[in-house]
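The block underneath contains the structure these notes are about, expressed in structure tokens.
Worth saying up front: this structure is predicted, and the values here are computed from it rather than measured.
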Amino acid sequence: MVKQAPIAVIAGGGDLPGLVIRSAMAQGREVVTIAIKGEADASLSAFNPVELGWGQIGKLFSTLKSKGVRDVVLIGGVQRRPDFTSILGDFGTMWRLPRIIAAVVGGDDHLLVKVAGIFEREGLHVVGAHEVAPELVASPGHVAGPKPSRKALSDMTLAIEAVDALGRLDIGQGAIAVNARVVAVEGAEGTDAMLERVAALRENGRVRSKGAAGVLVKCSKPQQDLRLDMPGIGPQTIRKAAEAQLQGVCVEAGRVLVAHRDEVERLCDELGVFLYGCTRGEEAGT
């Protein structure tokens with residue numbers, strides 16, 4: 001059996017980088033962990049990461065080369081876009097700076113595709129987290145929690161339409177519909193903040209219903225390169241959906257990651273929030 005070359009995981013924030021690293025290690029792969037300074041979770045210290053700032057692009061590529069890395073996974077949240085024009089970087093950063101600045105201009109998808117191009121020019125192969133850890137990918141149909149009602153399925157379909165519109169404009173990946181009305185869409189603030197906003201709308205009476213109602217839908221953008229920015233949910237998503245008094249959460253099967261699946265399913269059962277995997281182009285519930 002031919003031994004595979006080491007794989008690098010370039011990690012932003014959240015739990016997903018650690019889960020991907022563990023999955024790769026379970027497959028017998030050597031993993032080089034690169035923690036983005038100021039973004040990566042402290043728990044990655046268990047993997048002896050190389051911590052690098054945005055101005056250390058040259059050191060990043062020299063590290064990957066010295067370790068014999070061929071495949072790279074980019075995973076985890078980045079709260080702030082790097083402003084390379086204000087960073088005095090290492091020599092490797094400086095001579096690559098025109099390409100880097102060109103990548104930063106544009107929407108999120110534009111940025112990520114350009115970033116992937118920078119890695120590929122260095123002879124590296126960018127792979128998706130779902131390719132390394134397929135067990136994290138959302139499955140279709142009813143997954144956990146109570147069965148969705150007919151009304152919830154209708155809200156689900158409406159929110160899917162809203163997410164499709166958002167995705168075509170490269171704005172966000174989530175929307176919430178309650179009682180046949182889209183009450184929130186995801187912007188740069190992210191899914192958790194959107195759910196908190198809906199909880200506040202419930203409290204001040206701007207969104208009304210008797211008991212739990214409404215659905216959060218999380219999908220990838222139609223044009224999204226899943227190697228680079230596959231959306232995800234986790235236990236916190238279910239908790240905040242319950243706080244917002246939603247009936248359930250719908251994710252796009254095969255195109256959304258579910259972190260800590262066992263805990264997510266337990267919380268769904270405990271909090272009475274359903275989890276459902278839908279397929280784009282199909283009416284929810286069919």
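With respect to Phe274, the side-chain contact (heavy atoms from CB on, under 4.5 Å) criterion is satisfied by exactly one of Val143, Leu246, Val249, Val215: Val215.
Side-chain N or O atoms of Asp41 include none that pairs as donor or acceptor with a backbone N or O of Gly13 at under 3.5 Å. Here the side chain of Thr157 pairs a donor or acceptor atom with the backbone of Leu153 at under 3.5 angstrom. Side chain of Asp155 to backbone of Asn179: a donor-acceptor contact under 3.5 angstrom is found. With His142 contributing its side chain and Ala144 its backbone, the two residues share a donor-acceptor pair below 3.5 Å. Judged by distance alone, with hydrogens and angles left aside, the side-chain atoms of Thr63 form a donor-acceptor pair with the main-chain N or O of Lys59 at under 3.5 Å. Counting only distance, with no hydrogens or angles, the side chain of Glu122 and the backbone of Phe119 share no donor-acceptor pair below 3.5 Å. In terms of modelled atom types and a separation under 3.5 Å, the side chain of Glu39 and the main chain of Ile36 share no donor-acceptor contact.
Between atom OG1 of residue Thr33 and atom CG of residue Asn48 there is a gap of 8.5 Å, rounded to the nearest 0.5 Å. Interatomic distance, CD of Glu252 versus NZ of Lys221, reported as 13.0 Å (0.5 Å rounding). Between the NE2 atom of His130 and the OG atom of Ser23 there is a distance of 12.5 Å, given to the nearest 0.5 Å. How far CG of Leu267 is from CG of Asp262: 11.0 Å, rounded to the nearest 0.5 Å.
Between Arg239 and Glu243 there is no salt bridge, since none of the side-chain N atoms of the basic residue sits less than 4.0 Å from a carboxylate O of the acidic one. Remark: Lys218 engages Glu186 in a salt bridge, criterion side-chain N to carboxylate O under 4.0 Å. A salt bridge links Arg29 and Asp71; the closest N-O separation between the charged side-chain nitrogens and carboxylate oxygens is under 4.0 Å. The existence of a salt bridge linking Glu120 and Arg227 is confirmed by a sub-4.0 Å separation between a basic side-chain nitrogen and an acidic carboxylate oxygen. Ion pairing between Arg197 and Glu189 holds under the 4.0 Å rule for side-chain N and carboxylate O.
Gly277 and Ala253 make their closest contact through C-CB, 4.3 Å (heavy atoms, listed as atom of the first residue, atom of the second, distance). The minimum heavy-atom distance between Gly234 and Val264, with the atom names listed, is C-CG2, 3.6 Å. In plain terms, the two heavy atoms of Ala152 and Pro148 that are nearest each other are CB-CB, 4.3 Å. Across every non-hydrogen atom of Cys219 and Val163, the tightest pair is CB-CG1, 3.7 Å. Of all heavy-atom pairs between Met194 and Ala175, the closest is CE-N, 4.1 Å. Listed here is the closest heavy atom pair of Ala184 and Val198: CB-CG2, 3.6 Å.
Side-chain contact check for Arg255 versus Leu226: some heavy-atom pair is nearer than 4.5 Å. Between Val178 and Arg202, the closest side-chain pair of non-hydrogen atoms falls below 4.5 Å. At a threshold of 4.5 Å between non-hydrogen side-chain atoms, the residues Phe61 and Leu124 count as touching. Looking only at side-chain heavy atoms (C-beta outward), Asp164 and Arg168 come within less than 4.5 Å of each other. Proximity of Ile233 to Thr191: side-chain heavy atoms (C-beta onward) are nowhere separated by under 4.5 Å. Contact annotation: the side chain of Val72 approaches that of Ile10 to within less than 4.5 Å [non-hydrogen atoms, C-beta and beyond]. Counting heavy atoms from C-beta outward, Ser139 and Arg261 have side chains that approach closer than 4.5 Å. Taking 4.5 Å as the limit, some side-chain heavy atom of Ile7 sits within range of a side-chain heavy atom of Val132.
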Side chain to side chain contact (heavy atoms under 4.5 Å, CB included) for Cys278 and Ile160? Distances and angles first, verdict last.
CA-CA 9 Å; Cys278 63; Ile160 290 170; 3.7 Å; yes

For the pair Leu275 and Val251, evaluate side chain to side chain contact (heavy atoms under 4.5 Å, CB included) and give the outcome as yes or no after the intermediate values.
CA-CA 8 Å; Leu275 178 62; Val251 294; 4.3 Å; yes

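When only modelled atom types and interatomic distance are considered, Ser209 and Gln245 share no side-chain donor-acceptor pair under 3.5 Å.
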